[in-house]
Structure formats: structure tokens, C-alpha cells
2 protein chains.
Amino acid sequence: MKPKPRQLYEARAKVAKALAHPSRLLILDALAEKEMCVCDLTDLVGADQSTVSKHLAVLKNAGIVADRKEGVMIFYSLKVACLRGFWSCVEGVLKQNLKEQQAVMRSS
Amino acid sequence: MKPKPRQLYEARAKVAKALAHPSRLLILDALAEKEMCVCDLTDLVGADQSTVSKHLAVLKNAGIVADRKEGVMIFYSLKVACLRGFWSCVEGVLKQNLKEQQAVMRSS
DNA sequence: CACATCCATGGCAACATGGCCATGGAGGCA
DNA sequence: TGCCTCCATGGCCATGTTGCCATGGATGTG
């Protein structure tokens, strides 16, 4: 296996960073259902509109979502289809972590 | 689709956060080949030993790696098998981003 | 035009992260 | 015991992230 350039890891890290916030993950989950405008997402997240707008900018900059203008509103949609499988994997990790914690509890 | 608890997104974000650093991704890629001690990983990353140790603590805390003690040394190994598929997905995103950038270049 | 809504951006304060250095514990060896 | 290596932790500083508020551009409506 040849060593990969540091640049690759930086590109990957940028995407992972965009995923590293609960509000952004909530947004992505909602967008997996249907495209939504910023106002809808602001209600959903329950934060300031400017805050949500910045979260969306992060996701867009990472290439995870796309935006579409329609009149005054801007609709965001999911651009990446392969996140679901990843999260089910992550959830597996989390469950395993819980199991191990419980094992420690029982043995003490 | 019922709304998921905010707690779930925080748990997911914790994992994503652990993946959001180039050095940690480099480490994970190396561990995908074979388990390694901290000294090996320190050489690989090229940072201070304490820095690498902290990165490993982050990965361990997220449940992504496991550690095994053997004499003076501590070997770290990958605990999660499903990362490869995720990165190929991410790489797809990155390539698409490039394509779009190039399209913008051509049209200007 | 006047006025409303929807959204993005800049500014700022609070907090988190990442790097190094210095230190110290744990284990192997003579 | 004394000394070495391997590793983790605390301290510290620089930098990045996240939230809000305030503002302003763009667009639709009367």
C-alpha cells in the first residue's frame, strides 16, 4: 500500500468536519426526506436564522448539499446519497461502546 | 419518519468530530493495515509524541480504535470495519466538487 | 415607490481544539 | 536498586468554532 498524500487526508477531514455538529446532522437528516428552505430549517433547528445560514454554508462548501433559488426563498437539498449507510455503521460502534460500558458496570 | 432525539445527533457528531483531523485520518489508514504502537504512529505522523497520544485518546474515546498493552508498549488497532466504504463515498463528493469547479472555470 | 419577507454576512464574545514542552508513571533490564 | 524506553497528562498559547445581534441585499406585493 503506497502512502497517500497528506492532501487527501486534509480533503477528507474537511468533509468530516462539516459533519461534526449536531445541528448540521439534524439538517442533513431532514434534507434526506425532502428539500427545505432556510426558514423551515431554522424552525427545525431552533437557533437563530443567521446561525442556521452559516451551518448551511459549511455543508454547501463541503459539497454535501446543493441550493436552489425560487423567488425569495432558497431551497437546500441533499447532494450525497451515501450517508445513511455510514451512520448505520457509526450506530453499530456506539452500541458496541454501550455494551462494553455495561460489561464494566456488571463486573464491578 | 419520526423525529430523532437530539442526543442521537450529538453522539453521531462526536464520532464525526473524531474523524475531523488529517493526522487522525492518517493514523486510521495505517491501522487499517495492522496494529501499531504509539512510537510507530509518532514516526508516521511526524508530530510530538504527546500530540499523537492525544489524537489516539480522541479516537479511543469515540470507540473507533482499541488499545492493547504488551510490555512497555501499547498497540492500537482499528475497531471499525466500515470506514473504507464511507471514504469512497466522500471521495465521490470531492471528485464531484472538482468537476463543478472545472465547469465554472470553462464557462468564464 | 414603500414595505414586507427571506436570506447572507460581518462583528464580537465564549468556548473548544491542536500544538509543543515538561513531567511522571509503568514496565523491562542489568 | 538504578536506568532506560514507552506512553499519558497537565500547562500554556495560538487558532478555530459557535452562538447571537445587527445590518443589508434581493425579491415579491400593494
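Residue numbering restarts at 1 for every chain, and letters A, B, ... go by the order of the sequence lines.
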Original post:
Any link between A:Leu44 and A:Phe75 through a network of hydrophobic side chains (Ile, Leu, Val, Met, Phe, Trp, Tyr) touching at under 4.5 Å?
Top reply: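 Not linked; separate clusters.
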Contacting residues from [range], given that a heavy atom lies under 4.0 angstrom of DNA chain D:
| range | answer |
| --- | --- |
| residues 52-59 of chain B | B:Ser53, B:Lys54 |
| residues 10-21 of chain B | none |
| residues 68-77 of chain B | B:Val72, B:Met73, B:Ile74, B:Tyr76 |

**OP:** Test B:Asp29 against A:Tyr9 for side-chain contact (heavy atoms from CB on, under 4.5 Å), laying out the working first.
**Re:** CA-CA 10 Å; B:Asp29 231 29; A:Tyr9 296 110; 2.5 Å; yes
Could you list the residues that satisfy side chain to side chain contact (heavy atoms under 4.5 Å, CB included) with [X], not counting sequence neighbours?
| X | value |
| --- | --- |
| B:Ala57 | none |
| A:His55 | A:His21, A:Ser23, A:Arg24, A:Ile27, A:Thr51 |
| A:Leu8 | A:Lys4, A:Pro5, A:Arg12, B:Glu91 |
| A:Val15 | A:Ile64, B:Val90, B:Leu94 |

Original post:
Of all residues at least two apart in sequence or in a different chain, which pass the side chain to side chain donor-acceptor pair (under 3.5 Å) check with A:Arg68?
Top reply: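 Per chain and number, A:Arg68 pairs via side chain to side chain donor-acceptor pair (under 3.5 Å) with A:Glu35, A:Glu70.
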Subject >> Contacts of B:Asp43 that satisfy side chain to side chain donor-acceptor pair (under 3.5 Å) - sequence neighbours left out >> reply: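 Partners of B:Asp43 by the side chain to side chain donor-acceptor pair (under 3.5 Å) criterion come out as none, since no residue qualifies.
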Original post:
Per the end-axis method with five pairs at each terminus, what is the bend angle of the helix from C:dC1-D:dG30 to C:dA30-D:dT1, to 10°?
Top reply: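 End-to-end axis angle for the helix from C:dC1-D:dG30 to C:dA30-D:dT1: 20°, rounded to 10°.
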Can you tell me how far the [atom1] atom of [X] sits from the [atom2] atom of [Y], to the nearest 0.5 Å?
| X | Y | atom1 | atom2 | value |
| --- | --- | --- | --- | --- |
| B:Ile74 | B:Leu56 | CD1 | CG | 9.5 Å |
| B:Leu28 | B:Leu59 | CG | CG | 5.0 Å |
| A:Leu78 | A:Lys34 | CG | NZ | 13.0 Å |

Original post:
Donor-acceptor pair under 3.5 Å: do we get one between B:Ser50's side chain and the base of D:dC7?
Top reply: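 No pair found.
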**OP:** Among residues two or more places apart or on two chains, list those pairs meeting salt bridge (Lys or Arg N to Asp or Glu O under 4.0 Å) that have a residue in residues 51-62 of chain A.
**Re:**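 Matches after skipping sequence neighbours: A:Lys60-A:Asp67.
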Subject >> Whole angstrom value for the distance that separates P of D:dC6 from CG of B:Leu41 >> reply: 13 Å
Original post:
Do you know the tightest heavy-atom contact between A:Lys79 and A:Gly63?
Top reply: CD-O, 3.8 Å
**OP:** Would you grab the first and last nucleotide of DNA chain C (5' to 3') that comes under 4.0 Å of any non-hydrogen atom in chain B?
**Re:** C:dT17 to C:dG28
Original post:
Checking A:Thr42 side chain against A:Val38 main chain: does a donor-acceptor pair fall under 3.5 Å?
Top reply: yes
Original post:
When you look at B:Cys89 and A:Val80, which way does the side-chain contact (heavy atoms from CB on, under 4.5 Å) test go after all the steps?
Top reply: CA-CA 8 Å; B:Cys89 157; A:Val80 179; 3.9 Å; yes
